[in-house]
Amino acid sequence: MAELNQKISEVLSEVGKFLAMQKEPWKPRAYEKAAETINSLEEDVEDIYKRGGVKALQEIPGVGASIAETIEEYLKTGKVKKLESLEKRTPVNLSELSRVEGLGPQKVKKIYQKLGVTNLAELEKAAKAGKLAKIPGFGKKTEENILRGIGFAKTAGNRSILGHTMPKVRLLEERLRKIKGVEAVLAAGSVRRCKETIGDIDILAIADNPTEIMDAFVKMPEVVNVTAKGGTKASARFSWGMDVDLRVVPRESYGAALMYFTGSKDHNVVLRGLALKKGYTLNEYGLYVFKGGVKGKMVAGKTEEEIYKTLGMQFIPPEMRENTGEVELALQHKIPKLVDYGDLEGDLQVQTSWTDGGNSIEDMAKAAIKQGLKYITITDHTKSLAMTGGLDDKRLLKQTEEIDKLNKKFAGKIKILKGTECDILKDGSLDISDEVLAKLDVVGVSVHSHFRLPQKEQTARVVRAMENPNVDILFHPTGRIIHKREAIDLDMDAVIHAAKRTGTVLEIDAYPDRTDLKDEYIRKCVEAGVKMSIDSDAHLAQHFVFLEYGVSQARRGFAEKTDIINAWPVEKMLGFLKK
DNA sequence: GCCGTTTTCGGCCCGACTGTTTTCAGTCG
């Protein structure tokens with residue numbers, strides 16, 4: 001199953017990191033690349049292996065004879081000797097330590113050799129004691145940076161990124177639905193609200209035979225510890241490090257339970273207050289008549305819709321339930337008609353093997369068709385991002401020629417637009433000439449360097465890029481990587497104002513660890529009338545599924561279809577962009 | 001270690017930035 005793919009991916013990536021520590025040339029890259037591919041593979045590696053053995057494994061891009069054998073060894077024994085011997089040489093928790101930004105394999109090695117530091121806790125202790133700064137080649141600033149990195153890695157805590165958790169949740173739901181006598185299964189909580197990070201998972205079910213579903217749940221192969229198991233509730237810790245609660249609720253209370261466990265807590269508190277004012281009381285079993293301190297008959301509870309209705313309000317989509325004004329809107333029947341899953345007609349940020357993507361333009365087009373998209377924009381990196389083999393004017397033009405050819409081939413199936421993810425340089429200028437940019441259908445720009453400029457300078461830089469008449473979209477506007485890198489210091493009000501003034505679109509990058517813009521900025525855009533795009537930032541053919549997380553983020557930001565330009569047909573979308 | 005519109009061997013992942021240096025190692029994208 002998918003979880004095994006991820007595990008294999010982690011093992012390979014770790015081998016890569018250890019090899020990098022030994023200063024091996026090329027090999028680390030090969031392992032990392034294979035790890036990436038396997039992590040986003042749709043098919044289970046185990047199935048591939050069962051079907052065709054090592055030979056079939058080698059069909060996976062980036063997997064050759066050696067890595068195929070490594071995978072085989074892992075599938076058979078659950079171990080990888082190569083990794084074990086590498087770990088013996090330098091017994092550090094490398095995957096934990098390299099979560100700290102600015103800390104790579106070489107520094108980890110030095111810190112281990114000089115101070116014996118093997119994990120995050122020891123690293124923090126050493127840094128706080130000022131021991132890091134004394135290591136040759138290190139200094140005060142390095143120590144400070146590492147300390148800041150540790151702080152950031154720690155706030156990540158046990159919360160997991162929505163896009164990383166969702167596939168697992170779906171799998172659990174699917175398994176539980178298959179059990180006999182199970183009528184409904186749905187994950188509630190922050191998963192249902194699509195918060196950007198998830199602390200734990202709450203699954204609700206209606207079942208005729210609670211015992212059976214409880215038993216099946218705690219016996220799932222990934223369960224490492226069962227913390228509770230009763231008649232209606234079971235809790236278990238899963239091997240991927242998260243607690244999952246399963247509750248079986250009565251059929252007539254399903255809606256009330258869903259509401260209660262979906263939250264947010266603040267939303268529920270307001271609803272309960274409202275209920276009291278209207279002569280009801282609301283709990284996880286239903287909405288009851290409540291007069292003179294006496295609880296009477298249940299008037300709603302089977303569905304959320306009937307509860308909201310009885311309270312005299314519109315249904316509130318789960319993504320909006322954060323008590324930030326949605327209750328008032330629902331009472332006035334002014335809940336916006338949110339952009340919906342499946343509304344997107346195109347994707348405006350797609351990388352290919354011309355730079356750091358893993359698939360050709362053609363493969364990405366095919367995958368996009370499968371995803372139900374009608375158009376995509378190819379937006380490979382530009383030359384300042386040297387590591388990706390970023391395109392210069394000449395190669396970018398060359399790419400547009402290939403796109404012309406492919407458009408003939410794909411005519412009637414999908415439209416491939418010419419674009420770029422052009423680097424914004426330190427001064428806000430771009431690294432592709434205006435002349436070439438003018439020839440593209442969609443020009444996206446983004447910050448990939450100088451992340452720590454002071455707010456004034458950073459804002460001016462980004463605004464200057466938006467002022468370029470060729471620039472259509474600001475990609476991943478704040479540059480944050482959840483749990484890894486803070487957002488660049490932008491005056492977002494100024495950026496949104498500049499977007500309005502210049503007609504620049506702000507992107508909601510749906511790549512799971514980005515989801516950038518955040519919900520609060522999306523709301524500001526909606527209020528300001530600034531248009532947005534929801535893009536997958538796909539680097540592999542399998543990545544188009546990320547669009548879903550962009551849509552959920554947009555919904556959290558109250559965005560409607562009219563706010564999202566790639567929910568529009570291609571002509572209308574292109575017509576909106578700067579001329 | 002992988003891969004083949006530059007090749008079954010010899011290319012790939014290179015330039016900029018940071019922080020530490022005083023000529024460069026490490027990290028990032």
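Note that the coordinates shown come from a computational prediction; the quantities given were computed from them, not determined experimentally. Residue numbers start from 1 in every chain, and the chains themselves are labelled A, B, ... in the order their sequence lines are given, proteins ahead of strands.
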>> If you assign A/G389 and A/S98 each to the DNA chain B nucleotide with the nearest heavy atom, which residue ends up on the more 5' nucleotide?
In response: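 Per heavy-atom nearest nucleotide, the more 5' residue is A/G389.
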Pairing donors with acceptors under 3.5 angstrom, does anything connect the side chains of [X] and [Y]?
X	Y	result
A/Y31	A/K82	yes
A/K17	A/S13	yes
A/Q553	A/K195	no

I'd like the [atom1] distance from [M] over to [N], given in whole Å.
N	M	atom1	answer
B/dT8	B/dG15	P	27 Å
B/dG26	B/dT21	C1'	13 Å
B/dG4	B/dT22	P	46 Å
B/dT6	B/dG1	P	26 Å
B/dA16	B/dG11	C1'	23 Å
B/dT7	B/dC12	C1'	12 Å

> Which is it for A/S533 and A/E507 under the side-chain hydrogen bond (donor to acceptor under 3.5 Å, both in side chains) test, yes or no, and what are the steps along the way?
Replying inline: CA-CA 5 Å; A/S533 66; A/E507 185 192 53; 4.8 Å; no
Quick one: which of [options] gets closest to the side chain of [X]?
X	options	result
A/H450	B/dG29, B/dG26, B/dC17	B/dC17
A/T142	B/dC2, B/dT20, B/dG26	B/dT20
A/R29	B/dG29, B/dG19, B/dC13	B/dC13

>> Centroid separation under 6.0 Å, is that true for the rings of A/H543 and A/Y511?
In response: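 They qualify: ring centres under 6.0 Å apart.
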> Using the benzene-type ring in the case of Trp, are the ring centres of A/H476 and A/H448 under 6.0 Å apart?
Replying inline: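 Centroid distance A/H476-A/H448: below 6.0 Å, so yes.
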Using whole Å, what does the distance between atom [atom2] of nucleotide [N] and atom [atom1] of [X] come to?
X	N	atom1	atom2	answer
A/H539	B/dG29	NE2	P	12 Å
A/E59	B/dC3	CD	C1'	14 Å
A/K383	B/dG29	NZ	P	21 Å
A/D431	B/dG29	CG	P	17 Å
A/I135	B/dA25	CD1	C1'	14 Å
A/I38	B/dC2	CD1	P	11 Å
A/L132	B/dG26	CG	C1'	15 Å
A/L103	B/dT18	CG	C1'	15 Å

Tell me whether the side-chain N/O atoms of [X] come closer than 4.0 Å to OP1 or OP2 in [N].
X	N	result
A/K82	B/dG1	yes
A/R485	B/dG29	yes
A/K33	B/dC3	no

Regarding [X], tell me which of base, sugar-phosphate or nothing describes its non-hydrogen contacts under 4.0 Å with the strands shown.
X	value
A/K141	sugar-phosphate
A/P136	nothing
A/A65	sugar-phosphate
A/K109	nothing
A/S449	nothing
A/N145	sugar-phosphate

> Using the rule for Phe, Tyr, His and the six-membered ring of Trp, do A/W26 and B/dC13 stack at under 5.5 Å and under 30°?
Replying inline: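 Answer is no, no stack.
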> Would A/R89 count as a cation-pi partner of A/F18, with NZ or CZ less than 6.0 Å from the six-membered ring centre and within 45° of the ring normal?
Replying inline: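 No, A/R89 does not lie over the aromatic ring of A/F18.
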>> Suppose we define a pair by two distances each less than 3.5 Å, Watson-Crick or G-U wobble; what does B/dT8 pair with here?
In response: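 The answer is none; no pair meets the criterion.
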